[in-house]
2 protein chains.
Amino acid sequence: MPTLAEVAEKAGVSIATVSKVLSNTPYFTEETRRKVMSAVEELGYLPNLAARALSSGKTHLIGVVFPYVYEGIFTDPLVQYILEGIEAECNARGYNILLSTPRLSADGPDENYRRLLQSSYLDGIVALDNVPLSSVLSPALRKNTPAVAIGYGDHPNYVRSDDLQGSTALMEHITGLGHRRIGILTVDESLHYSIQMRHLGLDQVAEEAGLNYVHLPKYDRGDFSIASGMRGAAALLEQYDDLTALVCINDRMALGAIQQVQKMGLKVPDDITIVGYDDILSSQLFSPALTTIDQRAPELGHQAAQMLFALLNNENPDSVVIPTQLRVRESSAPPKVSRQ
Amino acid sequence: MPTLAEVAEKAGVSIATVSKVLSNTPYFTEETRRKVMSAVEELGYLPNLAARALSSGKTHLIGVVFPYVYEGIFTDPLVQYILEGIEAECNARGYNILLSTPRLSADGPDENYRRLLQSSYLDGIVALDNVPLSSVLSPALRKNTPAVAIGYGDHPNYVRSDDLQGSTALMEHITGLGHRRIGILTVDESLHYSIQMRHLGLDQVAEEAGLNYVHLPKYDRGDFSIASGMRGAAALLEQYDDLTALVCINDRMALGAIQQVQKMGLKVPDDITIVGYDDILSSQLFSPALTTIDQRAPELGHQAAQMLFALLNNENPDSVVIPTQLRVRESSAPPKVSRQ
DNA sequence: GTATAATAGTTAAACGCTTAACTACTATTT
DNA sequence: AAATAGTAGTTAAGCGTTTAACTATTATAC
């Protein structure tokens with residue numbers, strides 16, 4: 001690979017001149033610029049990024065961090081859309097993405113990840129930060145690497161989906177339809193801040209409707225999977241056969257729940273209303289189409305990346321909370337018999 | 001950030017000693033090793049990767065390249081699963097992933113990508129290489145960067161899904177059920193080698209069944225999307241109302257086709273058989289569940305990454321072709337009236 | 001006609017690491 | 001006793017950039 005030195009020799013100037021011409025420093029004659037550029041052209045010179053990184057401290061590399069807390073992280077629709085949004089921004093600005101998926105434990109992210117952060121390899125970081133277990137951003141903060149959190153992690157710059165507003169809208173839709181015998185299918189909330197927020201929304205609306213959230217039938221041993229949605233629906237309906245609605249913490253569990261209740265001979269929404277959260281592709285295709293919350297995940301990625309570039313630009317961007325959108329489809333309807 | 005020099009000073013040895021102890025070079029006393037390690041510990045030393053890269057030429061960075069040929073690349077299930085497989089391998093070996101999504105045009109991938117390749121930033125590359133338009137790997141080959149292609153691109157080291165075998169199995173399933181009036185929903189094959197292979201398989205089986213593939217009703221202006229599947233099914237059935245089966249080049253188009261024919265008052269599979277290719281999540285959930293081909297995409301990623309690490313190890317791995325699996329579900333059945 | 005400013009380019013240090021080449025001492029072989 | 005091999009560590013060059021500090025020339029001001 002040609003180096004600056006070779007270009008300089010060919011152009012008959014010094015190394016520094018080549019470097020400066022390439023970075024558009026003023027005070028060079030057109031003649032010199034031309035000589036340099038044609039030498040660059042002829043040799044096909046491209047800068048060695050490692051050398052540039054070492055010398056300038058800038059790598060043009062953005063770390064995109066998705067903590068690996070469960071299997072199949074890249075099949076998580078949230079992750080997909082966020083990645084999509086970040087990629088678009090980075091590509092437009094000539095930055096590359098370093099994808100990191102640290103394993104998390106109670107004493108923090110794994111060694112490989114910590115090494116990466118300290119390595120001076122990353123100009124900035126966008127991290128999904130929703131796990132109370134441990135933050136992937138605190139090491140970055142310590143090193144003063146510009147970083148944006150997506151989620152509820154404790155970080156000055158963040159982008160969040162408004163889970164409280166989303167779950168509130170979802171639950172209001174359910175209570176508004178007249179449901180009072182409501183089951184909740186969810187996961188252990190200690191795993192996820194955003195799940196905690198969703199629970200909070202459900203709780204508040206339930207209380208407003210005169211229901212005691214704590215005493216609502218609940219299955220909270222789900223793991224986001226379709227299978228766990230099936231298990232949860234089976235468990236709940238066995239114990240409480242008068243439920244008229246199941247509120248699920250995500251779409252996959254809702255789709256599992258629908259399949260399960262159909263298997264049990266119930267019709268959705270005629271016999272029972274089922275709603276989810278996320279608005280994944282399958283939810284629109286499924287029959288009945290699922291009533292759910294669209295959290296506009298691509299926007300999360302976009303805004304996070306924009307915020308990061310603002311930080312790199314020494315600006316002072318405001319954190320963002322992105323509102324969600326209720327998608328009412330076929331899986332929700334008023335209860336057959338109101339038990340108001 | 002602490003450097004080798006600071007560690008060396010603290011440990012009372014030379015920089016070289018620290019470097020060598022850390023890389024497990026032989027010939028040091030336990031005493032020296034201990035002194036070095038405790039200094040490293042105390043200072044929290046972590047190597048500067050840029051410096052290491054410049055000096056040694058090794059970055060521990062693997063480029064994962066997905067050419068951006070259509071919107072929503074990360075929502076492509078193939079991409080997701082491949083990424084998942086690669087990530088698992090890389091993480092296990094302490095390598096990081098640099099995700100690159102070059103824009104492709106007839107005169108090759110974009111400048112940003114070429115710069116990346118030449119930058120000495122990547123120890124190796126795994127690239128999705130299925131686009132005849134231009135190869136993302138030829139620049140890598142020129143620079144002698146170890147690389148593995150996933151797909152049919154012209155590259156010595158590759159991992160492929162056996163599209164020929166898959167499409168053959170799919171078409172044999174259809175003809176075996178007795179279908180003869182078969183419509184094809186597909187995309188422009190000049191865009192994708194793997195699509196060409198799938199067409200070839202359909203062609204061969206059609207001929208064996210005494211059908212002339214070229215004259216089979218065809219809609220080839222699809223773009224993989226659900227919407228284009230709907231359009232295609234509508235167009236085809238309007239012109240040929242006696243079709244008993246629709247073979248779709250991917251699942252999303254198949255799901256669109258099913259929705260369209262249902263909207264037209266037809267039942268699947270009673271009135272018409274519809275099959276897809278990919279086995280995405282929605283295909284199992286959809287009602288009727290879709291008969292399709294599982295190309296075992298996670299395996300593609302796994303094998304590709306393993307092959308790359310073998311190359312980095314100076315081994316001489318064999319290229320791999322991964323067989324697919326036919327998943328017979330509810331959307332296919334014998335034709336109502338055989339027109340044999 | 002100087003002093004000052006603007007223009008045009010060079011020199012050389014620095015970034016933090018790896019590693020070949022070297023020194024120095026001890027143990028073993030012949 | 002000399003030669004060889006093994007052990008333990010150091011010195012210093014080199015990787016390819018960036019950039020502060022410097023030199024040299026030309027234009028402008030007073």
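Note that these values count all heavy atoms, side chains included, but never hydrogens, waters or copies made by symmetry. Chain A is the first sequence line, chain B the second, and so forth, proteins listed ahead of strands; every chain is numbered from 1.
Listed pair A/T32 / C/dG9 meets the phosphate criterion, a side-chain N or O lying under 4.0 Å from OP1 or OP2. Here B/R52 does not reach the OP1 or OP2 of C/dG16: none of its side-chain N or O atoms lies under 4.0 Å away. Between A/Y27 and C/dT7 there is a side-chain N or O to OP1 or OP2 distance below 4.0 Å. Remark: B/T3 is not in phosphate contact with C/dG16, judged by side-chain N or O atoms under 4.0 Å from OP1 or OP2.
If you check C/dC17, D/dT17, D/dT10 against the side chain of A/S55, the one that comes closest is D/dT17. Comparing D/dT18, C/dT19, D/dG16 by their nearest atom to the side chain of B/S19 picks out C/dT19. If you check D/dC15, C/dT18, C/dT10 against the side chain of B/L54, the one that comes closest is D/dC15.
Following rounding to the nearest Å, B/L49 (CG) and C/dC15 (P) show an atom-to-atom distance of 18 Å. Rounded to whole angstrom, the span from the CZ atom of B/R34 across to the P atom of D/dA8 amounts to 16 Å. Between the CG atom of A/N24 and the P atom of D/dT19 there is a distance of 14 Å, rounded to whole Å. Whole-Å rounding puts the A/E30 CD to C/dT7 P distance at 14 Å. Following rounding to the nearest Å, B/I15 (CD1) and C/dC15 (P) show an atom-to-atom distance of 11 Å. One interatomic measurement links the two molecules: CE of A/M1 to C1' of D/dG14, which rounds to 19 Å at whole-angstrom precision. Residue A/N48 contributes atom CG, which lies 17 Å from atom P of D/dG14 at whole-angstrom precision. If you take OH of B/Y121 and C1' of D/dG16, they are 13 Å apart, rounded to a whole angstrom.
Comparing B/S56 and B/T29 along DNA chain D, the residue whose closest nucleotide (by nearest heavy atom) sits nearer the 5' end is B/T29.
Among the atoms of the strands shown, none is found under 4.0 Å from any heavy atom of B/P26.
Without hydrogens or angle criteria, A/R52 side chain to A/K58 main chain gives no donor-acceptor distance under 3.5 Å. The backbone N or O of B/A8 sits nowhere less than 3.5 Å from a side-chain atom of B/S14 that would complete a donor-acceptor pair.
Taking the six-membered ring where tryptophan is involved, the planes of B/H192 and B/F224 are perpendicular, since the angle between them exceeds 60° and thus also 30°.
The base of C/dT10 lies close enough to the side chain of A/K20 for a donor and an acceptor atom to sit less than 3.5 Å apart.
B/R115 has a carboxylate O that lies under 4.0 Å from a charged side-chain N of B/E111, or vice versa, which qualifies the two as a salt bridge.
Counting only N and O atoms by type, the side chains of B/D163 and B/Y152 include a donor and acceptor under 3.5 Å apart.
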